[in-house]
Q: 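What follows is a single structure, and I will ask about it in a moment.
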Amino acid sequence: MKDDYLSELNEPQRKAVECTEGPVMIIAGAGSGKTRVLTYRIAYLLTHGVDAFQIMALTFTNKAAREMKSRIETLAGSEARNLWMGTYHSVFARLLRMDAPRLSYPSNFTIYDTEDSKSIIKSILKEQNLSDKTYKPSTVLARISSAKNNLLSWQAYNQDSELVNSDIQAGRPMMGKLYELYSKRCFRSAAMDFDDLLYNTYLLLDRFPDLLHKFQSKFRYLMVDEFQDTNYLQYIIIRRLAALHENICVVGDDAQSIYAFRGANIQNILSFGKDYPDHKVFKLEQNYRSTATIVNAANSIISQNKKQLPKKIWTANDEGNKIKLLRALSDNEEGSIIADIIYSEQMTHDYTYRDFAVLYRTNAQSRALEEALRRRNIAYRIYGGLSFYARKEIKDMLAYFRLAVNPHDEESLKRIINYPVRGIGQTSIDRLIATAGESEVSLWEVICNLDHYKSGISGGIKTKISAFADMIRSFNVMLVKQPAYELAMHIANHSGLLRELYHDKTPEGISRYENLQELLSAIREFTETGNTPLPGPDNETPADDSRTLDAFLQDIALLTDNDNKKEEEDKNRVSLMTVHMAKGLEFKQVFVAGLEENLFPSQLSLVDRDDLEEERRLFYVAITRAEKKLYLSYASTRYRWGNLIGCEPSRFLNEIRPEYLDQPVSAQFDSFQETSHNVWNEKAVVRKNNFTGAAQGRFKPVGKTVNPAPVNDFESDDPRKIVTGMEVLHARFGKGKVLSIEGGYPDIKATVFFQGHGTKMLLLKFARLKIV
DNA sequence: GGAGGCCTCGGAAGG
DNA sequence: CGAGGCCTCC
């Protein structure tokens, strides 16, 4: 009875679920029920006598972990909460919280995000008088990151003549030194960056055999999702952990590896076979998601790649519709066509907005799509963009919280020592940092002992610094006895941050204040219910420890995506996102926009064969998101950094066998049927706008204006009325004069007279007009 | 300390 | 073109 759910699986899926002992590799094609197999496998272990805390399951994202965990709970009961399930970073951070003191780190170490890391590098560059042009912080960080992911400490890095020479060749001889300084600075701040969470876990297991043995015995079963996106270091760690029991199960699909540019290593799939010669392989090749046409088209594309594991994805689903090719004259028209189809599909068929997704290669493409959807009042949601916890005001508040927990955290200290303003200027801060660096102690250490360290700071400022230190210390003292919410409120009020934002009555200021309130409510909820957005297993956390601000910070440190936005996801909206973000999702109808050479595939990938193969896998991921209908669209012109450029259809379109398409791929656009939306909506630049009358001072031209010309008299502030009579410059027709207009700000359709070209209907862009 | 000017640069993105 | 960083000026 307890195994009822197994009947929902097909033969290969069931075998993969039931083969729990020994090394197992599951190759799971797109739409083959990969997540289902993984969840059922864990549920199967739980219902067959394995304790949840003996299972470690690693996922690619927090979201995947959360979803899988709740599904396991419905299958196998609340015991599932005790699983060690999460991302590599969250699971390893939890290990490190237990044993970091072995590495001379405190258990309450701070976790630095990428922004913190870059900021450290910037300040090191400044101190070392190095240019951030030759040493771009992102490049330096990437180099350090890749060193750690190849198990190279800064000492080992500097002894590796090949690396040192390649840095010298690249004109960056100081790279090794920067790695050293960066590592030391993180250590002094009692902080780890994302890579340290992996690297230090490795060190812990490598240096301390007792710990290695402890964890090896504890975790009898290991499972790894999205194995194709695992990097070398991650693989080394799980191999170590699995060495005793060798119950290791990896699940992945080489055809969907789209993160090689970030260190993911498909090679791991091959290494697995060598490292575990007696491993079993299960291939999940039946696709349940898509129509036969879509599956076949996807196969015809991916087969162009040389590097791939042999497998044959098939489906028993209906043939379905042919793939629709959409050709547009411009990026804006592409948006219009897509929006029109979405509108009519949901009107005439049994579809609703949430069934649609528009996928694109670059974020910049979203603008034209958004405008088209907005114009038709179609609700949409853009995935990606700035996450809640990345906002300035949130990071400021969190910096206070982090300092209360760990005052040595230099990045947080620098961030808020003079925010709100308390008269500690940049010069003083620089002096303090320099002093800390010379004495090799933390910034906090210097601030607490101003008279001991010779920093050259005057008495008056010393007093201010000491007052700040006293405040932080008082927060720190409250940490142990105050519940998270009360302490957070106390800090928000006594730091002056809340007051600072309360008095800012600009729209942005109000929004920032609201965001802070939202953060405080989240902490309140955490304090009252213990709920955090992160699926952290809590069985080993002492109960009295679980509602402190410290615990809250730990829970959110590794949370970056738009989580706890449950109600957002319930809304009925069209989804807009990059193909990368779409991995793991599925939609009834999918549009892939911008299928043009140099865009998808991106021009940066065309130099390198491997990059092109990854680009093709990306395309494969895009089209396999579709269940029922797939549309591929391309435009003949597109705005790129303000310039209109000509585009050709993507080579990928020609790699699809023509029988799966509704029409041949063609670069000819002449025969395209005009609709009300695609007449002449190419952008024109407004050349002239010296406003007079009522609009003067209300509308301000942003950017350069040329050739001033008289503007019609007007009474209204309505920019639509201002436009008439204006001179515009068009990419194709040159200068013209606006005769009449329709529509609304900021996109106004105008009839324009061009000498030699007659009158044309144009879309005028008013993005350059700012209301003041 | 904040607003505005000038310069640079431009792929995608989890933790 | 537009975002972000840095510099200057008030």
Side-chain angles (χ1 to χ4, degrees), chain A residues 58-65 86-93 111-119 122 126 131-133 136-138 142 145 149 192-198 225-226 229-231 234 258-264 359-367 383-387 389-390 392 418-426 500 504 506 534 556-563 577-584 594 598-607 611 614-615 617-619 621-622 638-645 683 685 700 702-704 765 767-768 770 772:
Chain A
L58 300 167
T59 61
F60 189 65
T61 61
N62 287 317
K63 195 167 157 234
T87 60
Y88 282 92
H89 294 83
S90 68
V91 169
F92 293 165
I111 296 173
Y112 278 165
D113 63 19
T114 312
E115 198 189 322
D116 298 320
S117 298
K118 283 193 185 152
S119 152
K122 276 182 210 156
K126 212 165 146 195
S131 150
D132 61 0
K133 298 281 187 300
K136 267 175 47 188
S138 53
S145 168
N149 282 299
M192 297 192 196
D193 68 12
F194 289 135
D195 297 308
D196 289 334
L197 294 177
L198 307 179
D225 193 11
E226 307 280 9
D229 291 320
T230 303
N231 72 26
Q234 291 165 336
I258 54 175
Y259 287 102
F261 69 91
R262 193 163 83 180
L359 310 182
Y360 36 83
R361 181 65 180 80
T362 71
N363 280 312
Q365 288 168 255
S366 73
R367 187 201 50 87
Y383 287 75
L386 208 59
S387 93
Y389 291 102
K392 185 192 171 296
N418 200 33
Y419 182 74
V421 181
R422 36 178 85 87
I424 307 170
Q426 197 55 49
E500 177 91 3
D504 184 349
T506 62
L534 198 74
I556 62 163
L558 294 168
L559 189 142
T560 49
D561 52 352
N562 316 355
D563 276 308
M577 66 186 92
T578 63
V579 181
H580 281 92
M581 290 230 60
K583 195 172 87 158
N598 294 328
L599 182 61
F600 197 174
S602 130
Q603 83 276 19
L604 284 108
S605 72
L606 297 176
V607 226
D611 279 2
E614 176 151 323
E615 209 74 12
R617 291 192 294 268
L618 200 53
F619 187 46
V621 168
R638 184 172 294 277
Y639 275 93
R640 185 143 207 224
W641 303 327
N643 299 314
L644 194 66
I645 55 164
K683 190 165 78 170
V685 180
K700 188 175 157 190
V702 182
K704 301 172 188 88
K765 300 293 296 182
R768 294 175 72 82
K770 182 166 120 188
V772 288

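Below, chain A is the first sequence line, B the second, and so on; all start at residue 1. Since the model is a prediction, treat every value here as computed from it, not as a measurement. Atoms considered below: every heavy atom in the structure, side chains included; atoms not considered: hydrogens, waters and symmetry mates.
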Q: Can you tell which of B:dA12, C:dG5, B:dG14 lies closest to the side chain of A:Thr578?
A: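 Per side-chain heavy atoms of A:Thr578, the pick is B:dA12.
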
Q: Could you measure between the two C1' atoms, the one in C:dA3 and the one in B:dG14, and give it in whole Å?
A: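 Each nucleotide's C1' atom is 23 Å from the other's.
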
Q: Rounded to whole angstrom units, what separation is found between the CZ atom of A:Phe60 and the P atom of B:dG14?
A: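 Answer to the nearest Å: 8 Å.
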
Q: Say we look at B:dA12 and C:dG5: how far apart would their C1' atoms be, to the nearest angstrom?
A: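 Result for the C1' pair: 23 Å, nearest Å.
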
Q: When the nearest nucleotide of DNA chain B is assigned to A:Ile424 and to A:Thr114 on a heavy-atom basis, which residue is associated with the more 5' position?
A: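 Counting from the 5' end, the first nearest nucleotide belongs to A:Ile424.
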
Q: Please identify each residue that fulfils side-chain hydrogen bond (donor to acceptor under 3.5 Å, both in side chains) with A:Ser119, with sequence neighbours left out.
A: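 Expected list: A:Glu411.
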
Q: Atom CE of A:Met581 and atom P of B:dA13: how far apart are they, to the nearest Å?
A: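 After rounding, the gap between these two atoms is 7 Å.
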
Q: Any cation-pi pair here, A:Lys583 with A:Tyr259, using under 6.0 Å and within 45°?
A: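 A:Lys583 over A:Tyr259 ring: no.
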
Q: For DNA chain B, whose closest nucleotide is more 5', that of A:Val421 or that of A:Ile258?
A: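 Nearest nucleotide further toward 5': that of A:Val421.
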
Q: Separation of A:Asn231 atom CG from B:dA13 atom P, in whole Å?
A: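 Rounding to the nearest Å, CG of A:Asn231 and P of B:dA13 are 19 Å apart.
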
Q: Can you name the atoms? Protein N/O to nucleotides 6-11 of chain B N/O, anything below 3.5 Å, with the distance.
A:
from, atom 1, to, atom 2, distance (Å)
B:dG10, N2, A:Trp641, NE1, 3.3
B:dG10, N3, A:Trp641, NE1, 3.0
B:dG11, N2, A:Arg361, NH2, 2.2
B:dG11, N2, A:Glu615, OE1, 2.8
B:dG11, N3, A:Arg361, NH2, 3.0

Q: Starting at atom CG of A:Asp225, determine the distance to atom P of B:dG14, rounded to an integer number of angstrom.
A: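 To the nearest whole Å, that distance equals 16 Å.
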
Q: Whole angstroms only, please: what is the OH-P distance between A:Tyr259 and B:dG15?
A: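 Answer to the nearest Å: 9 Å.
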
Q: Does A:Asp196 reach a base, just sugar-phosphate, or nothing at all? Heavy atoms under 4.0 Å.
A: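 Contact class for A:Asp196: none.
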
Q: Which part of the nucleic acid, if any, lies within reach of A:Asp113 when heavy atoms closer than 4.0 Å are counted: base, sugar-phosphate only, or nothing?
A: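 No contact.
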
Q: According to ring-ring contact (aromatic ring centres under 6.0 Å, His included), who are the partners of A:Phe619, at least two apart in sequence or on a separate chain?
A: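 Applying ring-ring contact (aromatic ring centres under 6.0 Å, His included) to A:Phe619 gives A:Phe600, A:Phe652.
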
Q: Sequence neighbours left out, what passes side-chain hydrogen bond (donor to acceptor under 3.5 Å, both in side chains) with A:Asp113? Give chain and number order.
A: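 side-chain hydrogen bond (donor to acceptor under 3.5 Å, both in side chains) list for A:Asp113, sorted by chain: A:Lys395.
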
Q: Using the P atom as the reference point in each nucleotide, state the distance between B:dA13 and C:dG4 in Å, no decimals.
A: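 That atom pair is separated by 15 Å.
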
Q: Could you state the atom-to-atom distance from CD1 of A:Ile556 to C1' of B:dG15 in whole Å?
A: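 Rounding to the nearest Å, CD1 of A:Ile556 and C1' of B:dG15 are 14 Å apart.
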
Q: How about A:Phe261 and A:His580: are their ring centroids closer than 6.0 Å?
A: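 Yes, the ring of A:Phe261 comes within the 6.0 Å limit of the ring of A:His580, centre to centre.
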
Q: Not counting sequence neighbours, which residues clear side-chain hydrogen bond (donor to acceptor under 3.5 Å, both in side chains) with A:Thr87? List them please.
A: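 Testing A:Thr87 for side-chain hydrogen bond (donor to acceptor under 3.5 Å, both in side chains), a comparison that skips the adjacent residues, returns A:Ser90.
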
Q: Could you list the residues that satisfy side-chain hydrogen bond (donor to acceptor under 3.5 Å, both in side chains) with A:Gln365, not counting sequence neighbours?
A: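 Partners of A:Gln365 by the side-chain hydrogen bond (donor to acceptor under 3.5 Å, both in side chains) criterion, ordered by chain and then number, come out as A:Thr362.
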
Q: What is the distance from NE2 of A:His89 to P of B:dA13, rounded to the nearest Å?
A: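 Roughly 17 Å, once rounded to whole Å.
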
Q: Rounded off to whole Å, could you give me the NZ-to-C1' distance for the A:Lys63 and B:dG15 pair?
A: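 Rounded to the whole Å, the gap is 16 Å.
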
